[in-house]
Trainee: 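Below is one structure. I have some questions about it.
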Amino acid sequence: MSHAGHHLPNLGITLHGRNVTALSLLGASAPSTESSDRFKAIGPQHLDDLQRRFGLSSDMVDGMRLHAAVLPFRVNEYVIENLIDWSNIPEDPIFQLVFPQPGMLPDLTTAQLELLRSGGRASRERIELVARLRAELNPHPAGQQEHNVPMLDGQSIDGVQHKYEQTALYFPAQGQTCHAYCTYCFRWAQFIGDPDLRFAAKTPEQFVGYLHAHPEVHDVLVTGGDSMIMSTERLRSHIHALMGVETVRTFRFGTKALAYWPDRFVNDTDADDLLLMFEEIIASGRMVAVMAHFSHPRELSTPLVQEAMRRIRATGAVIYCQAPLMAHVNDDAQTWADMWRAEVSAGAVPYYMFMARDTGPQDYFEVPIPRAYEIFTEAYRTLPGLSRTVRGPVMSSGPGKVMIDGISGEPGSLIAHARFLQARDPELVGRPFGAACPDDASWLDDLTVLDGEPTDIASEIARFC
Ligand SMILES: *Cc1c(COP(=O)(O)O)cnc(C)c1O
Ligand code: SF4
């Protein structure tokens, strides 16, 4: 079936997905979501239904309700029906990925629990408690706010981060949500409308001006949230403006829609039009890359996602795959080996395995660096060469993307061998360095660059950690 053959006209924007976040529990209004007419978000107000439908225990649902008072919770029918093995909860990895779990919040006192349970009423005390808990979960990792805001003519450009020379990240305002929320998400502050995160771009004009002034930017990475949450019409209004800039040669679209809502590329009313837009970009002589977030091989297993990937590839776009390594979700080598194989079988390119960011419920998901290296290497070893495009474990940190290339020594005195894959300072890229690595180190700031390593590397890391 050729999508170009039954290209539908733009039908306008449909607004049926309801965004139910912690804020709406507090009585504040949640941002609206653009999505298909078929997509329905399932949120905290559906927990009773879910309890009945899947026989969840009252304790489990109570825990989810508490959690949802602090962090956003959203799932949808596709994920519930196709990705979760309900005979294996709570251990099921996709259940862990989307449903809040005990242990994801900091320890709460009985009084705090009572206050959170008091629900619906937006008492001052409750609002303050929720704000405090959110602040503890640090939604502003790695100095993103201070360090990466681009300027043009003395004005900051909304919705853009320009950290690595050739690549700029673009956050359209209408793309700051997702078809379901990962419990490990570090972008949840965007979903709850954190006023400190006013960085999304409502329209592309400012960014277009910036790109004209910065011809070194060849690559625009449209992200969110999820770039595919926008209607095609909305997305196209951003993309067409950016296509006016000749020096932009690649458009990347960051998305978890292949995992959470593959219909975005298959049966949604504007799915065909989206694929047509990819073809238009490609026809202009540019590259389109769909940067797919797959956390578990099961997400690649349904006929619908297979069809979605086939249709994307038929446009000439290339699918690159990346995900963080997370305890309870995908912290074993077999899972990654299976996932990378499934990606290559579907014609996609395994790209990055990330370490968990230093934000959100990190303790719950934490995998120490030495263990992460072991999981990566054990999985990598079993792969044919075509899957060995993947790199990891990678920490996307303040100074850049740091890959752990090896671990040597004995427990208690481990050395991490690392190098920058990307760096704010291009001079640092590709140069190896050694760092003392405590057995339980989980992030760059737990490492100590060894004496005698290049001082520019040591000082750039020290500047951020
Ligand atoms: C990861 C990342 C990119 C893209 O890096 P690639 O290695 O080209 O995929 C761009 N900007 C920022 C801020 C990033 O974190
Ligand atoms: S898909 Fe990405 S942005 Fe969306 S909830 Fe998951 S981690 Fe967050």
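Just so you know, ligand 1 is whichever comes first in the structure, and atom 1 is the first atom listed for that ligand. Below, all heavy atoms of this structure are taken into account, side chains as well, without hydrogens, waters or symmetry copies.
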Trainee: Pull out every atom of ligand 1 sitting under 4.0 Å from any heavy atom of Y352, numbered as shown with elements.
Mentor: 6 (P), 7 (O), 9 (O)
Trainee: Salt bridge check, K256 against D226: does any charged N sit closer than 4.0 Å to a carboxylate O?
Mentor: no
Trainee: Quick one: look at D219 and ligand 1, take heavy-atom pairs under 4.0 Å, and tell me if it's side chain, backbone, both or neither.
Mentor: neither
Trainee: Can you list the atoms of ligand 1 that are under 4.0 Å from a heavy atom of Y351?
Mentor: 6 (P), 7 (O), 8 (O), 9 (O)
Trainee: Can you find a pair of side-chain heavy atoms, one from M60 and one from F99, that are under 4.5 Å apart?
Mentor: no
Trainee: Please, which pairs that meet salt bridge (Lys or Arg N to Asp or Glu O under 4.0 Å) have at least one residue in residues 426-435, sequence neighbours excluded?
Mentor: R431-D456
Trainee: Mind listing the closest non-hydrogen atom pair of E453 and G434 along with its distance?
Mentor: OE2-N, 2.6 Å
Trainee: List the atom of V79, the atom of I94, and the distance in Å for their closest heavy-atom pair.
Mentor: CG1-CG2, 4.2 Å
Trainee: Take atom 8 (Fe) of ligand 2 and tell me which protein N, O or S atoms are nearer than 2.8 Å.
Mentor: C185 SG
Trainee: Considering only heavy atoms of Q422, which atoms of ligand 1 have at least one such atom less than 4.0 Å away?
Mentor: 5 (O), 6 (P), 7 (O), 8 (O)
Trainee: Using a 4.0 Å cut-off to any heavy atom of S396, which atoms of ligand 1 qualify?
Mentor: 15 (O)
Trainee: Please confirm whether the backbone N or O of H296 pairs with a side-chain atom of E299, one donor and one acceptor, at under 3.5 Å?
Mentor: yes
Trainee: I need the atoms of ligand 1 closer than 4.0 Å to a non-hydrogen atom of T167, numbered in the order shown.
Mentor: 10 (C)
Trainee: For H293, take its heavy atoms, then give the atoms of ligand 2 lying under 4.0 Å from any of them.
Mentor: 1 (S), 2 (Fe), 7 (S)
Trainee: Please confirm whether R357 makes a cation-pi placement over F186, using NZ or CZ under 6.0 Å from the six-membered ring centre and within 45° of the ring normal.
Mentor: yes
Trainee: Please confirm whether R391 makes a cation-pi placement over Y351, using NZ or CZ under 6.0 Å from the six-membered ring centre and within 45° of the ring normal.
Mentor: yes
Trainee: For the ring pair W340 and F294, is the centre-to-centre distance below 6.0 Å?
Mentor: no
Trainee: Is the closest heavy atom of H162 to ligand 1 under 4.0 Å?
Mentor: no
Trainee: Please report whether the ring centroid of F191 lies less than 6.0 Å from that of Y181.
Mentor: yes
Trainee: Should one rank R424, K163, K401 by closest heavy-atom distance to atom 5 (O) of ligand 1, which comes out on top?
Mentor: K401
